[in-house]
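Following: one structure in structure tokens, then a few remarks.
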Amino acid sequence: MCHHRLPTAVAALLNQSCLLMLLQGTRDPLFLTGVTFPSEYPIYEETKIKLTVYDVKDKSHDTVRTSVVPEHKDPPPEVGRSFLGYASFKVGELLKSKEQVLALSLRTSDGGKVVGTIEVSVVKMGEIEDGEADNITTDVQGQKCALVCECSAPESVSRKDNLPFLNAVLKNPVCKLYRFPTSDNKWMQIREQMSESILSFHIPKELISLQIKEDLCRNQELKELGELSPHWDNLRKNVLTHCDQMVNMYQDILTELSKETGSSFKSSSSKGEKTLEFVPINLHLQRMHVHSPHLKDALYDVITVGAPAAHFQGFKNGGLRKLLHRFEAERRNTGYQFIYYSPENTAKAKEVLSNINQLQPLIAAHADLLLNSASQHSPDSLKNSLKMLSEKTELFVHAFKDQLVRSALLALYTARPGGVLKKPPSPQSGTEESISQDPPLLVRRQDSIPHHSDYDEEEWDRVWASVGKSLNCIIAMVDKLIERESGGEGSSTSSKDVEKDSSPVDSIITHPKEDWYEQLYPLILTLKDCMGEVVNRAKQSLTFVLLQELAYSLPQCLMLTLRRDIVFSQALAGLVCGFIIKLHTSLYDPGFLEQLHTVGLIVQYEGLLSTYSEEIGMLEDMAVGISDLKKVAFKIIEATSNDVLPVITGRREHYVVEVKVPARVFESLPLQIKEGQLLHVHPVLFNVGINEQQTLAERFGDVSLQESINQENFELLKEYYTVFMEKMPPDYISHFQEQNDLKGLLENLHQNIQAKKRKNVEIMWLAATICRKLNGIRFTCCKSAKDRTSMSVTLEQCSILRDEHQLHKDFFIRALDCMRREGCRIENVLKNIKCRKYAFNMLQLMAFPKYYRPPEGTYGKADT
Ligand SMILES: O=P(O)(O)O[C@H]1[C@H](O)[C@@H](O)[C@H](O)[C@H](O)[C@@H]1OP(=O)(O)O
């Protein structure tokens, strides 16, 4: 045993025992381990540290672990390991020793026999000066490489102002510290941090509440659709039954999720749990902080998360990309009981409905404010109120300009009792793609009853125009009143470009009493009545469009919506987490802020799923989930209370996430952001399957899904780059171009995508590099974000160290192995499956690209 030698430092807790376990059969351990002193355990010179060394036989219980066990607690059970010896020392002895290194004898438990030596030295976490680092050299000649310490308190990642905001979002950090040699034989220090996020649960809860509200409102509108002919009425009843059931299901899921107060992590083993379906799998921030001798400190973040997918629903029939496509094609071709509206038109109907619901109460409120100003007889306030009222009413009128409303009104007319057209209501402008391939039986049977001419198309125009007209009357009246008040000195500017309908006004202003309120009140009433009529008709007709969407293939159609909501919720939780972290770490970078409000942010997803078996379905879900993130915009607001968590508003087609920042930070933001400009994200996904399943796909299956995803997303990335180059200020761009050859990288990525090479992991490296250079948000995903993801993020970290921070080339593999063996990611595996082993076997690994294979002893059979 005398040859067991730990070449470097261990620090431990005040009056605590520190357990060290060495690798089985290793005479000269490759790595080192250590413990920091958390702030809650002050350390003094008298503090006594005891080190206990074990020979580890069964690695499934622990490979190498450094843990801190308070004296009063029992040491861990002696499973799979045997006691070798212990040593103890006082902190003061270590600090006063020459070069702060102590060589201690390991003794047997009775304190008698010396069985080996152990070397202990001090490492100051945080700043290691060049000279200092040299004192703690590991055995470079002997190919020892890294020092790994576990840090209990992660370094503060941003200025103090932001800390409560990040702490509210990031939970349970795990932190590791490494030192690797640089090519000029100095040391770089790497702090690796992995944190969960409370947003894993917070975002799904917010989203489900919104979706319940949206669906309840739609169900209510369906109920208020008015009298329908028996065919449509039965259809509606059926739809409502299913929709109500669906809302109940969402409510149950929300109730279950609400019980998970304070949770911030869903493990890979829970991925199939129904009540947790909306929650992303194994979501973490994976951060690398590099402190190297000659370069500026740098931070590299990747969000790691399981591919957003509906595991509970399963993948027997594929995932969303295929299911939605198939559903749409079938709906288009088999609609004999309903009218076919394209997904775009259905989305438009939802948008107009939502605009109406927002604008009507707003206009009513502005109209009341106008009356209020009138009763106060205040010309300025009257003008202001009129301005607001006019703006909102114009928006309202504009909302109905769409041909869709017109054709939907006609369609609804035919669905009323007795209201059947000779010809089906075919859209003049192509808003409705088809009624059906075969003429509906219903229509054929009643063919002769009413005639097309029974429907008065112009009636809608009259109703719709009446809103504009009544607004004009109000404007004219306000003008007259103000003019008379100021003794006829010209009219108010508000009416200048509005066509006036003067007749009713002229009749009113002859009224002798100059009571503004009385003059305006009847006009406001007329406006509200006209608006009510328009809203009523438009709402009913557009709800009728929604009925068509729901009517086909119940309940599959609702299950598809549920699947999409689930996948979207997982994707959104990750995105919001990534956005908040990116924002808080870049708040003081003016270039970033400018980019944020002028171009928006690129969000790049690296997928490691295979295009074989079930993972095809996962990838199909993921592709839609990520693409759906385009519907999300962010808004930065000033935090006014202790509740700093983000708030979501909107509906399925368009969500806004409000992110809070501290008042002082908010003040320093660019005006556009402070004024509430919506900030957009541009999600892109590149997938390269790497495991044995992908080998099967390449040999016997089909890789076209991966190829088309990569090709489509390359186009999106290129578009983003073009807009970035156009919109960012010239000074910024010229500096940017000097630093980065983005054009070359994009070209290279394009060639690699076209090359159709097997397991071409170069695609992932290039896409990630482009994203980093474009200041984007990086994601890495596989099924569980546990095994393949861990291989990929550690490879990315070490490649960055090699390419950007001069990691000594001889130490690349050793650094990689060290991170995989000792770093945050093995902790990730542990927290997911309670076992410190990547779930790979030898055969699987043979199929992996070389640098994606973990070191011996870290993988094997694990119950996942
Ligand atoms: O984190 P993953 O890479 O999705 O984990 C996979 C692993 O790659 C594979 O080798 C193993 O057989 C399991 O299927 C893992 O998935 P789990 O979801 O079961 O952890």
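Atoms within each ligand, like the ligands themselves, are counted from 1 in listed order. All values below come from the heavy atoms of this structure, side chains included, with hydrogens, waters and symmetry mates left out. A quick note: this is a predicted structure, and the numbers were derived from the prediction, not measured.
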If the cut-off is 4.0 Å to any non-hydrogen atom of [X], which atoms of ligand 1 fall inside it?
X: Lys271; answer: 17 (P), 18 (O), 19 (O)
X: Ala785; answer: 1 (O)
X: Gln844; answer: 9 (C), 10 (O), 12 (O)
X: Lys786; answer: 1 (O), 20 (O)
X: Asp787; answer: 1 (O), 2 (P), 3 (O), 5 (O), 6 (C), 7 (C), 8 (O), 15 (C)

Ligand 1 N/O within reach of [X] N/O, cut-off under 3.5 Å:
X: Lys783; value: yes
X: Thr789; value: no
X: Cys782; value: no

| task | Can you measure from CD1 (Ile581) to CG (Leu170) and round to the nearest 0.5 angstrom? | result |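 Ile581 CD1 to Leu170 CG: 4.5 Å, rounded to 0.5 Å.
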| Carboxylate-amine/guanidinium contact Arg788 Glu615, below 4.0 Å |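 The answer is yes: the pair qualifies as a salt bridge.
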| query | Would Lys271 and Glu614 pass as an ion pair if we require N to O under 4.0 Å? | reply |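 Looking at Lys271 and Glu614, the cut-off is not met.
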| request: Specify the closest pair of heavy atoms between Pro204 and Phe201, including all atoms of both residues, with the distance to one decimal. | output: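 Taking every non-hydrogen atom into account, CD-O, 3.3 Å.
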| query | With a 4.0 Å heavy-atom cut-off (strictly under), which part of Ser269 contacts ligand 1: side chain, backbone, both or neither? | reply |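 The answer is neither; Ser269 stays 4.0 Å or more away.
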| Glu277 side-chain N/O to Phe312 backbone N/O, donor-acceptor pair under 3.5 Å |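 Looks like yes, one N/O pair under 3.5 Å.
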| said: Taking the six-membered ring for Trp, are Phe848 and Tyr859 closer than 6.0 Å centroid to centroid? | reply: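 No, the ring of Phe848 stays outside the 6.0 Å limit from the ring of Tyr859, centre to centre.
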| query | Would you say the ring centroid of Phe634 lies under 6.0 angstrom from that of Phe579? | reply |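 Centroid separation for Phe634 and Phe579: below 6.0 Å.
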